[in-house]
Number of protein chains: 2
Amino acid sequence: MSNSKYDVLKLENQLCFPLYAAAREVVKQYRPYLDAIDLTYTQYITMMVMWEEKEITVKALGEKLFLDSGTMTPVLKSLETKGYVTRKRSTTDERSVSVFLTDSGEALKEKAVDIPAKVAGCVGLTAEEGLQLYKILYKILSKEGEE
Amino acid sequence: MSNSKYDVLKLENQLCFPLYAAAREVVKQYRPYLDAIDLTYTQYITMMVMWEEKEITVKALGEKLFLDSGTMTPVLKSLETKGYVTRKRSTTDERSVSVFLTDSGEALKEKAVDIPAKVAGCVGLTAEEGLQLYKILYKILSKEGEE
DNA sequence: CTATAATTGATTGAGTTCAATTAAATTGAT
DNA sequence: ATCAATTTAATTGAACTCAATCAATTATAG
């Protein structure tokens, strides 16, 4: 057996590395489908929230997506340019900005509805593996929100 | 029950989204430890390969990390500036560039050896969850290399 | 009321990521 | 041997990510 204290630094012994690599690979799977509706992956998950919420503050949006305003602001500006959302500063608390889904944004949902099934086919996990993965990932995400 | 064909577009029904978010959150856990040795996460996993290989082509390095030359080149230039690697174009095949670990790069391993244990503690999965996650992620990664 | 603290979004800068392109070198088929 | 196809890195451009900082606003303490 060849064991050294440096084995912990081998790529094959990492858990973070395959997590990081798999995330990029799966996002890459979305690209052809998202290209067809002119969205990036970040814009797509932002629209997912908008389709559910219709109206939400930038702050709340960022919390749902685990992204900060430095990332959200340009994404929202781009979606506003495409006509899918509008932004308006709150009158009651001028520090906050609300984002609103437009009719055009609502209509886009129809074009996006087939995408999840198409990508799921490519990833090719069993239902059980999918569930296991889901649970573990949300365990990680719940831990991170703590400190 | 409230079911619609649009449920597949809800954030909570996605598998890719928590994968994408968890990957970023875990990478973020590394930051304080990596800041201490002046490496980014991408530079860190690149050094992991170098600690194992001592010498490797840019092509092979990119394949191991699932990154292309557009990402690797600036990372390697930065590591070269820090003195941890050198780069030299192959004499036998001048298309390829080999990367070499320097003594300084080798010495950095000693400073990095405690990092994996520190981060593992933060993520807080059980051994079984870790193994399940590992297997599923590599299943995803093996699928992606195919097409 | 006033000063301090906290919240919120925007901005900035460095680094990452990847598709597309370019340039050089090698390989393979004829 | 020659020319087309392939391989390899580098470059470019657009977008994402995040820490740090800033400015404006609101909340709280005294």
Side-chain angles (χ1 to χ4, degrees), chain A residues 16-17 20-36 38-47 56-63 65-82 85 87-99 144, chain B residues 16-17 20-36 38-47 56-63 65-82 85 87-99 144:
Chain A
C16 180
F17 166 69
Y20 160 83
R24 282 183 293 109
E25 293 298 325
V26 175
V27 167
K28 212 181 292 185
Q29 294 292 314
Y30 280 86
R31 185 173 238 271
Y33 309 112
L34 293 179
D35 276 353
D38 189 30
L39 289 183
T40 64
Y41 184 74
T42 315
Q43 291 166 5
Y44 172 63
I45 58 176
T46 301
M47 288 307 296
I56 189 172
T57 64
V58 173
K59 166 96 170 160
L61 191 46
E63 278 171 359
L65 298 178
F66 297 86
L67 293 169
D68 75 358
S69 69
T71 303
M72 290 314 306
T73 296
V75 168
L76 291 170
K77 282 183 177 174
S78 169
L79 289 174
E80 191 171 34
T81 300
K82 295 179 205 278
V85 304
R87 293 182 303 148
K88 203 162 77 72
R89 193 165 289 274
S90 165
T91 49
T92 60
D93 183 345
E94 296 210 2
R95 292 169 305 179
S96 76
V97 169
S98 282
V99 186
E144 308 308 324
Chain B
C16 180
F17 166 68
Y20 160 84
R24 282 183 293 111
E25 292 299 325
V26 175
V27 167
K28 212 180 291 185
Q29 294 291 313
Y30 279 86
R31 186 172 237 272
Y33 308 113
L34 292 179
D35 275 353
D38 189 30
L39 289 183
T40 64
Y41 184 73
T42 315
Q43 291 166 4
Y44 173 62
I45 59 175
T46 301
M47 288 306 296
I56 189 172
T57 63
V58 173
K59 166 95 171 162
L61 192 46
E63 279 171 357
L65 298 178
F66 298 86
L67 293 169
D68 76 357
S69 69
T71 304
M72 290 315 305
T73 296
V75 168
L76 291 170
K77 283 183 177 175
S78 168
L79 289 174
E80 191 171 35
T81 300
K82 295 180 205 277
V85 304
R87 293 183 304 150
K88 202 161 77 72
R89 194 164 288 275
S90 165
T91 49
T92 60
D93 184 344
E94 297 210 2
R95 290 170 308 179
S96 76
V97 169
S98 283
V99 186
E144 309 306 325

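By convention in this document, chain letters (A, B, ...) are assigned in the order of the sequence lines, proteins followed by strands, and residues within each chain are numbered from 1. Quick caveat: nothing in here was measured; it's all calculated off a predicted structure.
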Engineer: Can you classify the ring geometry of B:Tyr41 versus A:Tyr20 as parallel (below 30°), tilted (30 to 60°) or perpendicular (above 60°)?
Structural biologist: perpendicular

Engineer: Distance check needed: D:dC18 C1' versus B:Gln29 CD, whole Å only.
Structural biologist: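 These atoms are roughly 14 Å apart.
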
Engineer: Is the shortest side-chain heavy-atom distance between A:Gln29 and A:Glu25 below 4.5 Å?
Structural biologist: no

Engineer: Does the side chain of B:Met72 come within less than 4.5 Å of B:Thr46's, by heavy atoms?
Structural biologist: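 In contact.
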
Engineer: Would you work out how much the helix from C:dC1-D:dG30 to C:dT30-D:dA1 bends between its ends, with each end axis defined by five base pairs, to 10 degrees?
Structural biologist: 20°

Engineer: For B:Glu63 and D:dA9, what is the distance between atoms CD and P respectively, to the nearest whole Å?
Structural biologist: 9 Å

Engineer: Within less than 4.0 Å of OP1 or OP2 of D:dC16, is there a side-chain N or O belonging to A:Gln43?
Structural biologist: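 The answer is yes; a side-chain N or O of A:Gln43 sits under 4.0 Å from OP1 or OP2.
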
Engineer: Any side-chain heavy-atom pair from A:Val85 and A:Met47 closer than 4.5 angstrom?
Structural biologist: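 A side-chain contact under 4.5 Å exists here.
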
Engineer: So A:Leu67 and A:Leu61, do their side chains get closer than 4.5 Å, heavy atoms only?
Structural biologist: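 Answer no - side chains too far apart.
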
Engineer: Below 4.0 angstrom from OP1 or OP2 of D:dA10, is there any side-chain N or O of B:Arg87?
Structural biologist: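 It does, given that an N or O in the side chain of B:Arg87 lies less than 4.0 Å from OP1 or OP2 of D:dA10.
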
Engineer: Could you tell me from which nucleotide to which nucleotide of DNA chain C, 5' to 3', there is an atom under 4.0 Å from chain A heavy atoms?
Structural biologist: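 That gives a stretch of C:dT7 to C:dA19.
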
Engineer: Quick one: on DNA chain C, does A:Ser98 or B:Pro74 contact a more 5' nucleotide (nearest heavy atom)?
Structural biologist: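 Its nearest nucleotide being more 5', the pick is A:Ser98.
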
Engineer: Between D:dT6, D:dC18, D:dT26, spot the one nearest the side chain of B:Arg95, thanks.
Structural biologist: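 The answer is D:dT6, which lies nearest to the side chain.
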
Engineer: From the list D:dT25, D:dC18, D:dA10, which nucleotide is the closest neighbour of the side chain of B:Val58?
Structural biologist: D:dA10

Engineer: For the residue pair A:Leu76 and A:Glu80, establish whether any side-chain heavy-atom pair is separated by less than 4.5 Å.
Structural biologist: no

Engineer: Would you kindly give the CG-to-C1' distance between A:Asp68 and D:dC22, to the nearest whole Å?
Structural biologist: 15 Å

